[in-house]
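Working notes, structure below.
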Amino acid sequence: MSNAEFIDRGDDTGIRDVFELFKPRVMSLVVFTAAVGMLVAPSQLHPLIGFASILFIAAGAGASGALNMWWDADIDAIMRRTRGRPIPAGKIDREDALSIGLLLSGISVVMLALAANVLAGALLALTIVYYVVFYTMYLKRLTPQNIVIGGAAGAFPPMIGWAAATGGIGIESVLMFLVIFFWTPPHFWSLSLFVSDDYSKAGVPMMNVAKGPRSTRRQIFAYAVLLVPVSAALAFSSIGGPATLLLAVGLNADLLRKAVRVARRSEAESALDRYAVERKFFYRSIAFLFLLFAGLVADAALRWALGEAIAWPQWV
C-alpha cells in the first residue's frame with residue numbers, strides 16, 4: 001500500500017494498520033522492561049535522554065514486529081489467531097511491511113546510539129537481528145526449541161535500558177535478562193496449548209505439536225521451577241529489596257500452583273476445562289512479569305526516599 005493510497009483513503013485506518021504491524025502488545029512489554037532497566041540502574045539519566053531512549057527502543061521493537069509479520073505472512077494467513085493481522089488481511093502489502101521494518105530498524109539503532117551510547121544501540125541492533133533472522137527466519141520453523149532459544153530476543157530490553165543509563169552491562173541487568181529468558185517458554189507454551197491446531201495447520205513445530213501436550217505441560221512446570229531461584233537472586237541483588245522479595249515469593253507460589261495444575265491436567269478433561277487451565281496460566285504469567293519488575297521500581301523508589309538504608313544486605 002503506497003503513501004498516496006493512505007492519504008486518498010481520507011481516514012485513520014492506514015495508521016491503525018501500521019500500528020498493528022508493530023505488534024503493540026509485545027511492544028508494551030519491551031518498553032516496560034526496558035524502562036525498568038533504565039530506572040533501577042545506578043546512574044541518573046537526563047529525562048530527555050531517557051525519554052528519547054525509550055522512544056527509540058519502542059521503534060526498534062516495532063520494526064522487529066513489522067519484519068516478523070513480513071516473513072511470517074504465509075503462516076499468519078493459515079492460523080486463526082493471526083489471520084486478521086494487517087498483511088494476511090490485505091490491509092498492508094508485504095513489500096511495504098519490509099520497507100517499514102528495515103527503515104525503522106536503521107533509524108532506531110542509529111538514534112539510540114546517538115541519544116544514549118553505542119553499547120545501547122548495539123544491543124538494540126543485536127535484539128532486532130536475533131529476533132528477525134535467528135528466531136523468525138530460522139528457529140521458528142526448524143525446532144520445537146524455537147521459543148527457548150529465540151526467547152532471548154525478548155529478554156534483551158532491560159539490558160538495553162540498563163546500558164542506556166550506565167553505558168555498561170552489570171550482573172543486575174543479566175539477572176533481569178534471565179528472569180525473562182526463563183519466563184518466556186512457559187508463558188508462550190501455555191498459549192500454544194490452547195491454539196495448537198493453528199500451529200499444526202501451519203506446520204510450525206511448537207513444542208506441543210512436535211513433542212505432544214503432555215511433554216509440553218511438564219516443561220512448563222520445569223521452567224516455572226527455574227524462575228524461583230532466578231527471581232530470588234534478583235530480589236537479593238543490589239537493585240532488589242523487600243518489595244521485590246515479597247512479590248517474588250507470592251508470585252512464584254501462585255505461578256507454581258498454576259503450573260502444577262497445568263502439568264497434572266488430564267487429556268480426558270473437557271476441551272473447555274483444559275482451555276480454562278492453560279488460559280489462566282497464560283494470563284497469570286503476564287501478571288508475574290509485570291508485577292515482579294514493578295517491585296524493582298518500588299524498591300528503587302524506596303532507596304531514593306530512604307537513601308541506602310534498605311540496600312542489600314542491610315534490609316535483610
Side-chain angles (χ1 to χ4, degrees), residues 1-3 5-6 8-9 11-30 58 61-105 128 131-147 150-151 153-154 184-213 216 271-272 274-283 285-286:
M1 185 178 294
S2 67
N3 291 335
E5 286 175 300
F6 272 20
D8 288 344
R9 289 168 70 168
D11 56 33
D12 62 348
T13 304
I15 296 175
R16 288 200 303 268
D17 293 336
V18 171
F19 186 65
E20 287 300 317
L21 192 69
F22 296 155
K23 292 191 171 182
R25 283 180 291 184
V26 176
M27 186 192 294
S28 67
L29 177 62
V30 169
S64 298
L67 292 172
N68 171 269
M69 288 198 190
W70 159 71
W71 185 263
D72 279 349
D74 57 337
I75 60 175
D76 281 350
I78 297 171
M79 298 194 293
R80 181 175 57 182
R81 186 175 66 88
T82 57
R83 63 192 179 196
R85 286 176 173 174
I87 298 176
K91 297 176 181 178
I92 293 180
D93 292 336
R94 257 188 108 176
E95 294 78 8
D96 289 335
L98 175 61
S99 299
I100 291 170
L102 291 175
L103 179 63
L104 203 55
S105 294
I128 295 171
Y131 179 70
V132 176
V133 178
F134 196 49
Y135 169 69
T136 302
M137 295 182 177
Y138 182 65
L139 290 171
K140 185 173 183 177
R141 308 190 194 202
L142 179 70
T143 170
Q145 294 295 326
N146 48 21
I147 289 299
T184 301
H187 166 72
F188 203 89
W189 283 336
S190 63
L191 169 67
S192 70
L193 280 170
F194 61 80
V195 294
S196 59
D197 289 346
D198 271 359
Y199 292 108
S200 297
K201 292 175 184 177
V204 178
M206 292 302 297
M207 186 63 68
N208 55 300
V209 175
K211 302 296 183 180
T216 304
L272 185 61
R274 295 198 303 269
Y275 175 81
V277 170
E278 292 147 1
R279 192 169 184 267
K280 183 174 290 187
F281 181 92
F282 174 75
Y283 285 111
S285 67
I286 296 174

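Since this is a predicted model, take the numbers as computed values, not measurements.
When every heavy atom of P86 is checked against every heavy atom of E20, the shortest pair comes out as CG-CB, 3.8 Å. The shortest heavy-atom contact between G84 and A89 is O-CB, 3.9 Å. Shortest non-hydrogen contact noted between S64 and I128 is OG-CG1, 3.5 Å. Of all the heavy atoms in Y131 and A153, the pair that sits closest is CB-CB, 3.7 Å. Looking at every heavy atom in both residues, P205 comes nearest to A210 through O-CB, 4.2 Å. Of all the heavy atoms in T82 and I75, the pair that sits closest is OG1-O, 4.2 Å.
Side-chain contact between I100 and F22 is present, with at least one heavy-atom pair separated by less than 4.5 Å. The side-chain heavy atoms of L21 and I92, taken from C-beta on, include a pair separated by under 4.5 Å. Using a 4.5 Å heavy-atom threshold, the side chains of R81 and Y199 count as touching. I87 is not listed as a side-chain neighbour of D76, based on a closest heavy-atom distance of 4.5 Å or more.
No side-chain donor-acceptor contact under 3.5 Å links S285 to the backbone of H187. Under the 3.5 Å distance criterion, the side-chain polar atoms of N208 are matched with a main-chain donor or acceptor of S192. Between the side chain of D198 and the main chain of R80, a donor-acceptor pair closer than 3.5 Å is present.
Taking the charged nitrogens against the carboxylate oxygens, R141 and D72 do have a contact shorter than 4.0 Å, which makes a salt bridge.
The structure places CZ of R279 at 14.5 Å from CG of L193, a figure rounded to the nearest 0.5 Å. R25 CZ to I286 CD1: the interatomic distance, rounded to the nearest 0.5 Å, is 8.5 Å. Once rounded to the nearest 0.5 Å, the distance linking OG of S28 with NZ of K23 reads 12.5 Å. The distance from the CG atom of L139 to the CD1 atom of I147 is 9.5 Å, given to the nearest 0.5 Å. Once rounded to the nearest 0.5 Å, the distance linking OH of Y135 with CG of N68 reads 7.0 Å. The structure places CD of Q145 at 10.5 Å from CE of M206, a figure rounded to the nearest 0.5 Å.
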